[in-house]
Amino acid sequence: MTAEQRLAASLIPLDAALIALLDGLEPVAPTELPIADILGAVCAGITLPSPFPEMDFAVTDGWALCAQDLVGASSYSPLALTGPPVWVEAGDPMPLGSDCVVDSDLVELLGPVFQVSGEALPGQGVRRAGSDIGEGGLTIAAGRRLGVLDLMLARAAGLEKIAIRAPRLHLINIPAISGSAVTAQLIAESARAAGADVVYSQAEGRDVLSVAKALGGERCDLIVTVGGTGVGRTDATAGALKTSGKLIAHGIALQPGRTTALGKADNTPIVALAGAPDQALAAWWTLALPALDRLSGHLQHTKTLPLARKISSSVGIADIALLKKSDGAWMPLAIGDLSLGHIVRADAWLAVPASSEGFAAGTPVDAHMLRV
């Protein structure tokens, strides 16, 4: 018996496959969600209210006074105040006419009169109005992944919701003969970390009809399948893509990840990943993640460092290299053949172009970070 599913006679270049996958993709519409639910989501772009804070407030506990009134005050020559000072605690608005907070041990009540035994500077112990966000406002740029400091600032500015772009991703696990779903869970978690709203399901079987049925199960912005992309007797994902819509490619010039397939169903892009973790991750990084970033508007960032030693690659195929940061340089861990140990240890990855034989030691390269 021969396998029914075959790779293309000529592997499709990675660049061409990505162009075909991204064709026509636009960012999804923004959605406003509570701040508590959006850590790690991709911001649609907001301008925080300005100025912030709206008024001067105390940042230490003490007496609110005017610095100009304290000129010349010292422990040898205490200055008598014309009236009682106002006690403030951290977070309290500053009273009108005051511009500094003086420590409690510098102010003493002698009979009916308060005396101050030290000078102060304007703004001492005070957070000025507009010092966090000035008149021009502060923008959290569209495409930025929201971190804890972004959310802190938004809360401080009084916002309760932020507009984000969270593409709906349908992840379909094609059940492995072994029953393992490790790779599908890895990709699901990677998608959530990238800001996607993930819907997880599993095909009823590994045959064309079961996979095709699963492909039509959810309305979404991107479909990613895991498993069944090879040429084994039970592999049928590429065949299901033909049945469900359009098969763009089956067989990418990518190592690992050669058996990856791409398709579309009702204009929804589909990325079919292999079942092995290294094969799936290579195609996730180079194909599925760029599609997800296009949908969310996320701006990818790379880090440029010189190579600690050379990388050798085969012309005609894009090889994935795993890198670890070491003494201000990228130390190659593996290329093409990626063990789980290498994947866990890596700080970044790099796709060596199919037109290149690699890079010499000392060459600056732009690598995609795996750890922040």
Side-chain angles (χ1 to χ4, degrees), residues 11-22 25 40 42 141 143-145 147 186-187 189-191 193-195 249 251-260 262 271 273-274 276-372:
L11 297 178
I12 296 177
L14 176 61
D15 291 346
L18 183 57
I19 290 172
L21 181 67
L22 298 183
L25 280 190
V42 178
R144 177 187 177 100
R145 198 173 303 287
L186 167 66
I187 298 302
E189 289 158 359
S190 298
I252 312 295
L254 175 67
Q255 182 60 32
R258 185 171 62 98
T259 66
T260 302
L262 304 177
V271 182
L273 308 177
D278 61 326
Q279 304 278 332
L281 276 176
W284 168 259
W285 292 332
T286 56
L287 292 166
L289 190 54
L292 185 58
D293 285 342
R294 175 70 63 88
L295 290 166
S296 67
H298 178 242
L299 304 176
Q300 285 196 3
H301 297 285
T302 58
K303 187 174 184 65
T304 304
L305 291 174
L307 286 172
R309 65 169 185 240
K310 72 175 183 178
I311 291 178
S312 298
S313 179
S314 302
V315 174
I317 193 163
D319 280 312
I320 299 298
L322 294 178
L323 310 171
K324 187 170 183 62
K325 187 178 179 183
S326 177
D327 297 327
W330 289 129
M331 175 63 70
L333 298 179
I335 181 167
D337 182 14
L338 314 179
S339 71
L340 293 183
H342 288 141
I343 292 171
V344 171
R345 290 168 53 207
D347 294 317
W349 65 271
L350 167 72
V352 181
S355 60
S356 173
E357 294 183 350
F359 302 105
T363 303
V365 295
D366 300 328
H368 297 266
M369 299 300 296
L370 294 173
R371 308 175 192 277
V372 179

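Minimum heavy-atom separation, Ala274 to Thr259: CB-OG1, 3.7 Å. Considering every non-hydrogen atom in both Ile320 and Ala282, the closest pair reads CG1-CB, 3.9 Å. Minimum heavy-atom separation, Ala283 to Leu273: CB-CD2, 3.5 Å. Between Pro290 and Trp284, the shortest heavy-atom distance links the atoms CD-O, 4.0 Å. When all heavy atoms of Pro256 and Gly336 are compared, the closest pair comes out as CD-O, 3.0 Å.
Using a 4.5 Å heavy-atom threshold, the side chains of Ile343 and Leu370 count as separate. A 4.5 Å side-chain heavy-atom check between Ile311 and Leu323 finds at least one atom pair inside the cut-off. Leu14 is listed as a side-chain neighbour of Leu287, based on a closest heavy-atom distance under 4.5 Å. The closest side-chain heavy-atom distance from Val271 to Leu21 is below 4.5 Å. Within the 4.5 Å cutoff, no side-chain heavy atoms of Leu11 are placed close to those of Ile252.
A distance of 10.0 Å separates OG of Ser312 from CG of Asp319, quoted to the nearest 0.5 Å. The distance from the OG1 atom of Thr286 to the CG atom of Leu18 is 7.5 Å, given to the nearest 0.5 Å. Between atom CG of residue Leu338 and atom CG of residue Leu322 there is a gap of 4.5 Å, rounded to the nearest 0.5 Å. Ile12 contributes atom CD1, which lies 11.0 Å from atom OG1 of Thr260 (distance to the nearest 0.5 angstrom). Distance check, rounded to the nearest 0.5 Å: NE2 of His342 to CD1 of Ile335 gives 12.0 Å. We find the CG-CG distance between Leu340 and Asp278 to be 7.0 Å, quoted to the nearest 0.5 Å.
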Distance-only donor-acceptor hits, side chain of residues 354-366, under 3.5 Å, sequence neighbours excluded:
residue : atom : partner : partner atom : Å
Ser356  : OG   : Gly358  : N            : 2.9
Ser356  : OG   : Gly358  : O            : 3.0
Thr363  : OG1  : Ala360  : N            : 3.4
Thr363  : OG1  : Ala360  : O            : 2.8
Asp366  : OD1  : Thr304  : OG1          : 2.3

Which pairs would a plain distance check flag for residues 324-334, meaning a side-chain donor or acceptor within less than 3.5 Å of a matching protein atom at least two apart in sequence or in another chain?
residue : atom : partner : partner atom : Å
Lys324  : NZ   : Arg345  : O            : 3.4
Trp330  : NE1  : Lys303  : O            : 3.4

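Residues that satisfy the salt bridge (charged side-chain N to carboxylate O under 4.0 Å, His left out) test with Asp293, not counting sequence neighbours, are absent from this structure. Under the side chain to side chain donor-acceptor pair (under 3.5 Å) criterion, Arg294 pairs with no residue at all, not counting sequence neighbours. Arg258 meets the side chain to side chain donor-acceptor pair (under 3.5 Å) test with no other residue; sequence neighbours excluded. Every ring pair (Phe, Tyr, Trp, His ring centres under 6.0 Å) that Trp349 has, sequence neighbours left out, goes to Trp285, His368.
Enclosure of atom CZ in Arg144 is not indicated, since only 12 or fewer non-hydrogen atoms of other residues, nucleotides or ligands lie within 6.0 angstrom.
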